[in-house]
Novice: 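Got a structure here, written out as structure tokens. Questions coming.
Here is how names work: the chains are called A, B, and so on, in the same order as the sequence lines, proteins then strands, and each is numbered from 1. Both backbone and side-chain heavy atoms feed into the values below; hydrogens, waters and symmetry mates do not.
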2 protein chains.
Amino acid sequence: MGELRDSKKRETRQRISDVATKLFFARGFEAVTIEEIAAAAKVSKMTVFNYFARKEELFLDREDEVKQLLHRALAERPKGQDPIDALRALVDRLRAEKHPFARVDDQTVGWWRIVAASASLKARVRDIGDEAVEALAVELAGPRADGLARLVAGMIVLTWRTAYAEAVRVFAGGGSARKASATFVELIDRGFAAVRGLADR
Amino acid sequence: MGELRDSKKRETRQRISDVATKLFFARGFEAVTIEEIAAAAKVSKMTVFNYFARKEELFLDREDEVKQLLHRALAERPKGQDPIDALRALVDRLRAEKHPFARVDDQTVGWWRIVAASASLKARVRDIGDEAVEALAVELAGPRADGLARLVAGMIVLTWRTAYAEAVRVFAGGGSARKASATFVELIDRGFAAVRGLADR
DNA sequence: CGAGAAACTTGTACTCGGTACAAATTTTGT
DNA sequence: ACAAAATTTGTACCGAGTACAAGTTTCTCG
């Protein structure tokens with residue numbers, strides 16, 4: 001029932017992605033062309049576009065994971081738990097698991113440096129954030145989410161993004177991983193506290 | 001001293017901008033090419049790029065105004081006034097002046113519809129917002145702005161953006177201008193209240 | 001197994017935003 | 001009126017992304 005075909009596709013997709021990642025790390029995002037990636041992956045340019053609709057997806061392939069994590073943290077939270085507490089717990093869980101969304105080390109900073117150097121990657125990251133906001137608003141308030149729900153969702157994502165960016169800044173500026181981590185947690189707590197005040201009433 | 005040259009330049013720039021705006025309103029942003037704009041303005045494609053570095057600038061030419069307004073509101077505020085109070089006062093001032101950044105009517109909604117229909121325009125709007133956040137953080141905390149300052153600045157801009165977007169949504173969904181305006185103000189007040197809680201301590 | 005259908009890949013040719021650069025034109029100061 | 005400076009233009013180019021038809025591989029089913 002399409003075993004071989006499927007495995008070949010997965011393999012091809014993975015090969016393209018790997019090759020692209022390696023090239024991007026070596027020379028930056030803008031400096032690598034799709035044609036180069038195609039050649040290095042022994043595939044045609046068209047095939048690259050078959051698997052990845054835009055160039056940015058070759059570097060940002062964890063798009064859905066963001067929404068998944070937020071969704072599951074809320075859906076599977078203990079009965080009666082405040083949504084913001086559930087997200088705060090998610091932060092701790094991801095830190096414990098050394099998940100890249102809640103951790104700053106040489107690898108993630110290297111990754112982030114490449115994003116920061118490319119306008120189109122930065123734009124795409126913001127885009128993913130906006131999608132997460134919308135999804136989160138729906139998660140929090142149902143399909144008829146209102147402005148307040150969107151503001152709450154926006155602040156949660158903003159807090160996460162800002163805390164992460166600040167941790168990267170600290171780490172890249174020579175701070176220890178411990179210090180970067182402390183910065184991350186402190187900003188998360190501050191931001192989430194503000195959101196709690198907003199959601200009440 | 002270059003009178004004629006300067007006035008010609010201003011005239012040309014204005015003509016290109018006007019022609020582009022008209023075309024964008026008629027057919028949307030993506031559907032209009034730079035070459036068309038150049039032809040309609042009786043100028044070469046290269047000249048268009050001489051005046052506007054990217055296509056998006058042809059539609060979003062109030063970039064600096066955002067930063068200007070924020071800067072002046074803070075710089076010229078009464079001595080001892082809280083920065084957030086100063087920005088809250090700016091909102092009222094802009095509303096009184098019917099400034100498009102704080103007002104929703106047929107014209108501004110038409111303008112937003114075009115932005116919303118174009119991925120690259122939306123990206124550019126977010127970009128401008130991010131620049132405003134950075135500028136605001138510096139404004140609030142000086143050139144050595146820290147994570148908290150950036151979080152505060154981010155929340156202020158997010159609140160404004162969300163309140164505006166929500167007002168547009170209400171208005172475009174058939175709500176009266178009065179109702180849209182009330183939505184705008186309510187979200188601004190909620191968001192700013194949360195920011196006040198964040199900034200203290 | 002073999003043949004035709006379905007799925008995937010490829011080449012080609014194209015559009016559009018944007019850049020490089022040198023030639024042509026216009027404006028300016030003298 | 002003339003040379004220098006600033007502006008505009010044409011031409012040629014690059015890279016992302018699309019359209020489409022033709023080629024190749026894999027699957028399905030008799």
Novice: Might you point out which heavy atoms bring B/F52 and B/S17 nearest each other, and give the distance in Å?
Specialist: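 Heavy atoms of B/F52 and B/S17 come nearest at CZ-CB, 4.0 Å.
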Novice: When you check the gap from the basic side-chain N to the acidic O, do A/D127 and A/R124 get nearer than 4.0 Å?
Specialist: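 Result for this pair is yes, salt bridge flagged.
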Novice: Take the angle between the ring planes of A/F59 and A/W111 and call it parallel below 30°, perpendicular above 60°, tilted in between.
Specialist: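 Taking A/W111 first and then A/F59, their aromatic rings lie parallel (interplane angle under 30°).
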Novice: Round to the nearest Å and state the distance from B/R15 atom CZ to D/dT8 atom P.
Specialist: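 Result: 10 Å.
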Novice: What is the distance, rounded to the nearest whole Å, between atom CG of A/D6 and atom P of C/dA7?
Specialist: 12 Å
Novice: Answer yes or no: does a side-chain N or O of A/K9 lie under 4.0 Å from OP1 or OP2 of C/dC8?
Specialist: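 Answer is yes, contact under 4.0 Å.
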Novice: Determine whether a donor-acceptor pair (N or O, by modelled atom type, separation under 3.5 Å) exists between the side chain of A/R77 and the backbone of A/L74.
Specialist: yes
Novice: With heavy-atom distances below 4.5 Å as the criterion, would you say the side chains of A/E57 and A/Y51 are in contact?
Specialist: no
Novice: I'd like to know if A/R196 and A/D85 make a salt bridge, using a cut-off of under 4.0 Å between side-chain N and carboxylate O.
Specialist: yes
Novice: Among residues 32-63 of chain B, which contact DNA chain D at a heavy-atom distance under 4.0 Å?
Specialist: B/V43, B/S44, B/M46, B/T47, B/N50, B/Y51
Novice: Atom NZ of B/K8 and atom C1' of D/dA6: how far apart are they, to the nearest Å?
Specialist: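 It works out to 13 Å between those atoms.
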